[in-house]
There are 2 protein chains.
Amino acid sequence: MGRQLFELCGTDPLRVLRPFCWRSSMALAHKNLDLASLPWRFTGTDRLAFAGHEKVPVLVDGERVVADFWAIMQRLDVAYPDAPSLVRGNPAPYRFVASWNDHVVQAGIARLVASDTPPLLDETERAYLVESRENRFGKKLEEVTGAREARLPTFRQSLQPLRALLADQASTGRDSPDYADFIIFGSFMWPLGVSPLKLLAAVAPILAWRERLLGCHPAHARNAPCFGA
Amino acid sequence: MGRQLFELCGTDPLRVLRPFCWRSSMALAHKNLDLASLPWRFTGTDRLAFAGHEKVPVLVDGERVVADFWAIMQRLDVAYPDAPSLVRGNPAPYRFVASWNDHVVQAGIARLVASDTPPLLDETERAYLVESRENRFGKKLEEVTGAREARLPTFRQSLQPLRALLADQASTGRDSPDYADFIIFGSFMWPLGVSPLKLLAAVAPILAWRERLLGCHPAHARNAPCFGA
C-alpha cells in the first residue's frame with residue numbers, strides 16, 4: 001500500500017483547486033516522498049468516510065490515515081525526520097503565517113476569482129459549488145468578483161508584508177522554503193489554475209518566489225494546468 | 001558595569017516611545033535580566049557614537065555593545081541560553097511576523113496617533129519630530145490623523161490575522177509569549193503611552209493579550225505612563 005493524497009480537483013484531475021491540498025502535496029514533495037494524487041470532488045464526502053473526515057486533504061501513508069493540512073505536516077516531520085524539516089522549531093509563528101494567509105491572501109483571492117472555478121467543474125459539482133459559495137458570500141459569484149481589475153491594487157497592497165520580506169530573502173523560510181512558504185504558495189496555486197486574472201503581474205518579488213516554488217518540485221506543481229502570471 | 005538599554009523617551013523618561021525599544025526591554029524581562037533604562041531622545045545621536053549606530057535601542061551588556069532590535073534578540077538568546085528562549089527554532093517566520101507588524105500594525109497606528117506624540121516632548125525634540133514626520137508623510141500630522149475615529153474600524157479589521165490566532169491560543173508564541181509577541185506588543189505600547197484613542201476597545205482577544213503581556217513583567221511595562229484601552 002503506497003502513499004496517497006486525496007485532493008480537490010476540477011474536471012481535469014491535474015487541476016487541484018484547494019489551497020490546503022497544495023500545502024500538503026508541496027510538503028510531501030519537500031520531504032522527497034512520492035505520492036499518488038487521488039482526485040476528489042466536492043460531492044464525494046462518502047469516499048472520505050474511512051478517514052472520519054469530510055474534507056480533503058486526506059493522506060494515506062501506508063497504514064496511517066491523516067486528515068487536515070496541519071496534522072499532515074506534523075505527521076510528515078515526525079515520520080520522516082531525516083528529510084528536510086517542514087517546520088523548524090516552534091510551530092507557533094507558522095500558525096501566524098497561516099492566519100495571515102487565510103484572512104488576507106486567501107480571502108482576498110476568493111473575492112477576485114471565485115466566479116472562475118465553476119466553469120471548470122462538471123454539472124453536479126458546479127451546482128454544489130455555486131450554491132454553497134453564494135450562500136457564504138450572500139450574493140452571486142459574478143457580483144463577488146465584479147470590478148475586479150479595479151480592486152487589484154488594493155489586493156496587491158495587502159501583500160506588502162510578504163513583498164517586503166521577499167525583497168530581503170529568497171523565501172519565507174529564509175534561504176530555502178519551508179512550510180510557511182507552502183502555506184502561502186497554496187493560495188496562489190488556486191487562482192493560477194482557474195483564473196485569467198494576473199494577480200501578481202506587478203509584484204516582482206512575490207512573482208519570482210512563486211516561480212521558484214513552481215520549479216523546485218517540477219513534476220508536481222509545474223505540470224498543473226494554469227493560466228500564468 | 002551593568003546592563004543598560006538606551007530607549008527613546010518623551011519628556012517623561014518612563015514614556016518609551018519607540019516600539020523597537022519595547023521589543024528589546026520585553027526581551028530582557030523575558031530573560032529575567034535586570035536593566036537600567038537610559039532615556040534617549042531624537043536629537044541625542046552623539047550619545048550613541050560609541051555604538052557606531054544612530055538609533056535606539058542600543059544595549060550595553062557588560063563589555064558588549066549591541067544595536068538593533070534583531071541583533072539584541074539574537075545576542076540575548078546566545079548569551080543567556082538557560083533563560084527562556086525568545087526565538088524557538090528557525091527565526092525566519094518571526095521575520096514574517098515583524099514584516100506584517102511593521103507594514104500593517106505599526107503603519108496603521110502611525111496614521112492614527114502620529115499627532116499625539118509632539119505634545120509630550122520638549123521644544124527642541126518636538127520641532128525635530130514634527131518636521132521629520134511631516135516630511136515623511138508629506139502633510140501636517142493633524143491631517144495624517146484626521147477623521148481617525150471613522151478610520152478605526154478599518155484598522156481593527158487589519159488586525160484580523162492576530163485576532164483570529166488569539167481566539168485560539170493565549171499568545172503568538174502559543175502557550176507562553178515569545179519574541180513574536182514582543183514584536184507586536186511594542187507597537188501597541190507606543191499609542192498606549194501617547195494617545196487617548198481607544199485602539200483596541202472592540203478587539204477583545206487582542207486587548208486581553210496586551211493586558212496579559214503588560215502584567216507579565218509588571219515592573220517594566222505596567223509602570224509606564226499610559227492612557228489605557
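Labels below follow one simple rule: chain letters A, B, ... track the order of the sequence lines, proteins then strands, and each chain is numbered from 1.
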Within residues 170-179 of chain A, which positions have a heavy-atom distance to chain B below 4.5 Å?
A/T172, A/G173, A/R174, A/D178
Begin from the C-alpha positions of A/W209 and A/D181 and carry the test side-chain contact (heavy atoms from CB on, under 4.5 Å) through to its verdict.
CA-CA 9 Å; A/W209 161 86; A/D181 293 274; 2.8 Å; yes
Does the pair B/D77/B/K31 count as a salt bridge with the N-to-O cut at 4.0 Å?
yes
Pair A/D61 + A/R75: basic N to acidic O under 4.0 Å:
yes
Considering all heavy atoms, the nearest A/D116-A/V194 contact
CB-O, 3.3 Å
Identify which one of A/Y94, A/F182, A/F20, A/W22 satisfies the ring pair (Phe, Tyr, Trp, His ring centres under 6.0 Å) criterion when paired with A/F69.
A/F20
Taken to the nearest 0.5 Å, the spacing of B/L152 CG from B/Q157 CD works out to 13.0 Å
Using a 4.5 angstrom heavy-atom cutoff, name the option from A/S85, A/P93, A/G89, A/S158 with the most pairs to chain B.
A/P93
Residues from residues 130-151 of chain A approaching chain B under 4.5 Å (heavy atoms):
none
Distance in Å, B/E7 CD paired with B/L17 CG, rounded so as to fall on 0.5 Å steps:
10.0 Å
What distance do A/I206 atom CD1 and A/E211 atom CD have between them, rounded to the nearest 0.5 Å?
13.0 Å
Tell me which of these, A/N90, A/L162, A/V87, A/N101, has more heavy-atom pairs under 4.5 Å with chain B than the rest.
A/N90
What are the two closest heavy atoms between B/C21 and B/V16, and how far apart are they?
CB-CG1, 3.8 Å
For the residue pair A/F50 and A/F6, categorise the inter-ring angle as parallel (less than 30°), tilted (30 to 60°) or perpendicular (more than 60°).
tilted
